[in-house]
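Data first, discussion second: the structure below is written as structure tokens.
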Amino acid sequence: MASRPRRSAYIPQDIEPKWQRTWAERGVMKASDSSPKPKYYDLVMYPYPSGDLTVGHARNYVMGDALARMKRMQGFEVLHPFGWDSFGLPAENAATKRGGGLHPRTWTLNNIAKGKRELKMLGILYDWDREVTVSEPDYYKWTQWLFLLMLERGLAYRAMAPVNWCPVDKTVLANEQVINGRCWRHPDVEVEKRDLEQWFLKITDYADRLLDDLAMLERWPQKVRVMQTNWIGRSMGAEVDFPVVGMPDESIRIYTTRPDTLFGATFMVLAPEHPLVERITTEKHRARLREYVEKARKETEIERLSTEREKTGVATGGFAVNPVNGEKIPVWVADYVLVTYGTGAIMAVPAHDERDFEFARRYDLPIREVIAPPTGPQKMLREAYIGSGTMVNSAQFDGLDSGEGIERICDWLEERGIGKRSVKYRLRDWLISRQRYWGAPIPIVYCPNHGIVPVPKEQLPVELPPEYKPLSENPDWYETTCPLGDGPARRETDTMDTFIDSSWYFMRYASPHDDREPFDPELVNHWMPVDQYTGGVEHAILHLLYSRFFVKVLHDAGMVEASEPFMRLFNQGMVKRFGQVMSKSAGNGVSIDELAGAQGADAGRIYEMFIGPPEEDVEWTDAGLNGVVKFLQRVWRLVLEPAAVAGESGPLGATVDSAALRRKVAQTVGKVTEHYDELRFNTAVAFLMELANAMQDYLRGGGARDTAWEEAVRTLLKLLNPLAPHACEEMWERLGEQGMLADAPWPVFDPGLAAEPKIVLVVQVAGKLRDRLEVQAGLSEAAAVEAALKSEKVQGALNGGKPSKVVYVPDRLINLVP
RNA sequence: GUCGGCGUGGCGGAAUGGCAGACGCGCCAGCCUUAGGAGCUGGUGCCCGAAAGGGCGUGGAGGUUCAAAUCCUCUCGCCGACACCA
């Protein structure tokens, strides 16, 4: 039978609910819009309310909360808000899966209530007055408003386009949602192509700024900036017109990044969808060509984009003229040329392009070297030479370096009006139409008389009908009247991509209840930009790029001063268990209820941080959690029962010097503050453990419970508070302190207090460690050499000789080189 | 294939040019206890040695440096992103 716990034992369940109530009642994390304090905007990526919250998902919320709590204590007015990315497919899928009946909105709101309760159980504090739920009309009204703003600014347009169609979700996917030709949600399902009228946002208009401004984001992970750079994929080159033989008014415009290889073009390739294909094809080739184009159209993205696949194509029988040398070259059609990039047509230079080389080999087309590598021209090209070199076989350009050649040829083309410099991007416009119920309706009406008519802003929101069924099958909803003429009209039945919702939610937090505009300009400028943004790396491209785009558009519209939303970005690693990402559905999740009911929220919070480097994936183990529980219990006894701890036998030779304890405390203040700021919580916890160990040794060794001790106790509580707020708050109260620890000032680092009067000087001879000397700090080099030479070990290593060289790093190391 | 990241004790990891292994887990020995999945003390990279001490050591090979886990070159392995973008 378990013995009765001591009255003062640490029982998290007895104290955690109490403090959670108190913090809520006192509005500890309420952000004031009019505070004179400097602002700090601490944002975590809002989640999809899946109802699957585990301690794994909570890791970044704990980071955000710890940072918010420290920043508050440091005197900042902290904005730490939360919300729900509650539109989107999963709600529909889940609602459908559970036997229909359950409306996506009901399911969503249930999950939100559940998630909110669990976050509170972890002691995570948000300004819940600012909570946003993007699927509620008071939010999506403004999402629709922003769509109309895009339309007004010429950034939203409708176009027929071959779109990616997921046969399982029965919806169109954005380019970004297609991974290797497969649906991002169904990795085993190949995406089909369909032609539909769709709404697009012109993100490509902002490609240059999105790329160039990455340079401003110095506090973003390098990895994310590289990914965005590649995604935007800016390339510099030239467009060149190749006249078509026998068709005096036609020419084929190609795009190349290597104008210096123009003389090496031995054939041309059109994408199967290129508009000229039909007309350029000769009678003799028509049948075969039609068959090929037909096949290519049907082929799925995955087949077409596979690099392993052999390149195929057919000749059109048509010819074009290379404008630089008047040479007649054949025109082919091949599916390795994409109609969506560049001009949908290329000049093929097999000698200097791997793809063209492979194609030329297969179809026995000529290969002509025009760039000689530094080692000199090659007789037989065994593979394409794609590097730079000296131009050859290029008439008046022979002998030029290829870099220089690019410029000269571009000049030459531009002078004659047959080509021009051109910049292209991989980035495509953002397809935002979704054929789904659970999203913000696109606020457009189609009128037989007036065409595409935006819903007037004063009529927003265009609310979703209560019945859960496709909008296009709900005439009661889509049949309407034209805002311009009262005639019958039809609503747009597509809803918006949920990435639109998340592209501006962080600005809505500034004035979440504003019913006149998406956000109050004054307040948004007060809080923006976000100082710290924390979330998963899976959003490295989509969400972050779209949000940057939105902010730039709103900046241009004069609605927000910031031109970048997130100053510092951090991607936390995932929590795994038994080798897999933790989730309820995988059956390896540790729920927040379980944790709070067993070891307590505080132990869980510390463990989430101590478990490993914050940016790395980590493995959750029960043994590791127990180590943290022991640490918390040790702190509890140190603070509340120092007499009992002091009565225990201590280590031999323990430091019982009050001044040494003060130094240790001061050093810990410096290190913990710095590491919290850098989000290096794992090492911050280690420093706190060191301090607790030192305090325990101090007591057991007979250290006095004097002011140094009392200061140490209070500093330890302040430093630990961001991670273990319930326990620390309780101890603070039991110590008889007035006011809440959450409001106590953060300790200030004092380098003078932290300085050690004596240090251990490492003595090396020829770079090898030979001795350690305890010396006064700040020793001069001469004194250090003298001290080092006195050491027998050093003398032995020097073998009686004298050092010919001395390297002295004050207070650290001296290296004597014989 | 291209780009990026990582590789350190039995384990998670610390150290970003200056004492490798902080902190924790685990393990070993001892103490305390009616008992221990509790607490305390000491130990714990590897090799030689009774010890003192010495040698080796951050995936591998080379290099730069008085000094390298850290910087450079090559290489192996794992992970991630992109993947015919002309």
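The chains referred to below are lettered A, B, ... by the order of the sequence lines, with proteins before strands, and numbering in each begins at 1.
The distance between the ring centers of A:H675 and A:F681 does not fall below 6.0 angstrom.
Across the P atoms, B:G13 and B:U8 are found 9 Å apart, a figure rounded to whole Å. Using atom P as the reference point in both B:G4 and B:A52, the two lie 49 Å apart (nearest Å). Annotation: B:G63 and B:G53 have their C1' atoms spaced 33 Å apart (nearest Å). Spacing of C1' atoms, B:G77 relative to B:G39, comes out at 44 Å, to the nearest Å. When the P atom is compared between B:G59 and B:A68, the two are found 15 Å apart, to the nearest whole Å. For B:G49 and B:G43, the P atoms lie 23 Å apart once the distance is rounded to whole Å. Here, B:A83 and B:C78 have their P atoms 23 Å apart, quoted to the whole Å. When the P atom is used for both B:C23 and B:U73, the distance is 35 Å, rounded to whole Å.
Under the rule for a salt bridge (charged side-chain N to carboxylate O under 4.0 Å, His left out), the partners of A:E690 that lie at least two apart in sequence or sit in another chain are A:K664. For A:K424, the salt bridge (charged side-chain N to carboxylate O under 4.0 Å, His left out) partners two or more places apart in sequence, or in a different chain, are A:E239. For A:D241, the salt bridge (charged side-chain N to carboxylate O under 4.0 Å, His left out) partners at least two apart in sequence or on another chain are A:R253. Looking at residues two or more places apart in sequence or on another chain, you find a salt bridge (charged side-chain N to carboxylate O under 4.0 Å, His left out) between A:R258 and A:D260.
When distances run from any side-chain atom of A:R700 to the nucleotides B:C82, B:A86, B:C40, the shortest one goes to B:C40. For A:K805, the side-chain atoms get nearest to B:C66 when compared with the rest of B:C66, B:C84, B:U41. Side chain of A:D335, nearest nucleotide from B:C84, B:C40, B:C82: B:C84. In this structure, the nucleotide among B:A86, B:C82, B:G18 sitting nearest to the side chain of A:V337 is B:A86. In the set B:C23, B:C19, B:A86, B:C19 carries the atom at the smallest distance from any side-chain atom of A:V762. Of the candidates B:C40, B:G18, B:C25, the closest approach to any side-chain atom of A:R634 belongs to B:C40. Comparing atom distances between the A:V807 side chain and each of B:A81, B:A22, B:C66 picks out B:C66 as nearest. Listed candidates were B:C25, B:C23, B:A86. Nearest to the side chain of A:I346 is B:A86.
Rounded to whole angstrom, the span from the CG atom of A:L542 across to the C1' atom of B:C82 amounts to 13 Å. Atom pair A:L638:CG and B:G39:C1' shows a separation of 14 Å (rounding to whole Å applied). Rounded to an integer number of Å, the gap from A:H352 NE2 to B:C84 P is 23 Å. The CE atom of A:M609 sits 16 Å away from the C1' atom of B:C23 (whole-angstrom rounding). Straight-line distance from the CZ atom of A:R361 to the P atom of B:C84: 23 Å, rounded to whole Å. Following rounding to the nearest Å, A:K630 (NZ) and B:G37 (P) show an atom-to-atom distance of 13 Å. Taking atom CD1 of A:I541 as the reference point, atom C1' of B:C82 lies 8 Å away to the nearest angstrom. Atom P of nucleotide B:G39 and atom CD of A:Q696 are separated by 11 Å, given to the nearest angstrom.
Residue contacts for A:G342: at a heavy-atom cut-off of 4.0 Å it reaches no nucleic acid atom on any strand shown. Residue contacts shown for A:T340 are absent, as no nucleic acid heavy atom lies under 4.0 Å away. Nucleic acid contact class of A:N815 (heavy atoms, under 4.0 Å, all strands): base. Residue A:V817 is in sugar-phosphate contact alone, with no base atom involved, counting any heavy-atom pair closer than 4.0 Å across all strands shown. Within the nucleic acid shown, A:D356 has no heavy atom closer than 4.0 Å to any nucleic acid atom.
Counted by atom type alone, A:E756 and A:Q667 present one or more donor-acceptor pairs between their side chains at under 3.5 Å. For the residue pair A:N815/A:Y808, the side-chain donor-acceptor check at 3.5 Å is not satisfied. In this model, no donor atom of one side chain and acceptor atom of the other lie less than 3.5 Å apart for A:T312 and A:Y336. Judged by distance alone, the side chains of A:Q222 and A:R225 do bring a donor and an acceptor atom under 3.5 Å apart. A donor and an acceptor atom, one from each side chain of A:R634 and A:N693, are located under 3.5 Å apart.
Annotation: cation-pi geometry not satisfied between A:K311 and A:F359 (NZ/CZ under 6.0 angstrom from ring centroid, within 45° of ring axis).
Using the Watson-Crick or G-U wobble rule with both distances under 3.5 Å, B:A51 pairs with nothing in any strand shown. Across all strands shown, the partner of B:C27 is B:G43, judged by Watson-Crick or G-U wobble contacts whose two distances both fall under 3.5 Å. B:C32: no Watson-Crick or G-U partner with both key distances under 3.5 Å is found in any strand. Checking B:A61 for Watson-Crick or G-U wobble geometry (two distances, each under 3.5 Å) identifies B:U73 as its partner. Nucleotide B:G37 forms no Watson-Crick or G-U wobble pair with any nucleotide shown, as no partner meets the under 3.5 Å limit on both distances. B:C3: Watson-Crick or G-U partner is B:G80, with both key distances under 3.5 Å. Across the strands present, B:G18 finds its partner in B:C66; the criterion is a Watson-Crick or G-U wobble pair with both atom distances under 3.5 angstrom. In a base pair of the Watson-Crick type (N1 to N3 plus N6-O4 or O6-N4) or a G-U wobble (N1-O2 and O6-N3), with each distance short of 3.5 Å, B:G9 is matched with no nucleotide.
The glycosidic torsion of B:G4 lies more than 90° away from 0, which places this base in the anti conformation.
Mapped onto RNA chain B by nearest heavy atom, A:A623 and A:Y341 fall at different nucleotides, with A:A623 at the one closer to the 5' end. Where A:R812 and A:N693 each meet RNA chain B at their nearest nucleotide, the meeting point lying more 5' is that of A:R812.
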Enumerate the protein-to-nucleotides 4-15 of chain B contacts in which both atoms are nitrogen or oxygen and the separation is below 3.5 Å.
{"unit_1": "B:G12", "atom_1": "O2'", "unit_2": "A:I611", "atom_2": "O", "d": "2.9"}
{"unit_1": "B:A14", "atom_1": "OP1", "unit_2": "A:N682", "atom_2": "ND2", "d": "3.0"}
{"unit_1": "B:A15", "atom_1": "OP1", "unit_2": "A:R680", "atom_2": "NH2", "d": "2.7"}

Heteroatom pairs (N/O) under 3.5 angstrom, protein to nucleotides 50-56 of chain B:
{"unit_1": "B:C56", "atom_1": "OP2", "unit_2": "A:K768", "atom_2": "NZ", "d": "3.4"}

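OP1 or OP2 of B:A83 lies within a sub-4.0 Å distance of a side-chain N or O belonging to A:R426.
Proximity of a side-chain donor or acceptor of A:Y292 to a complementary backbone N or O of A:D335 within less than 3.5 Å is detected.
More than 12 heavy atoms of other residues, nucleotides or ligands shown are found within 6.0 angstrom of CG on A:L789.
A:L720 and A:Y676 get closest at one heavy-atom pair: CA-OH, 4.3 Å.
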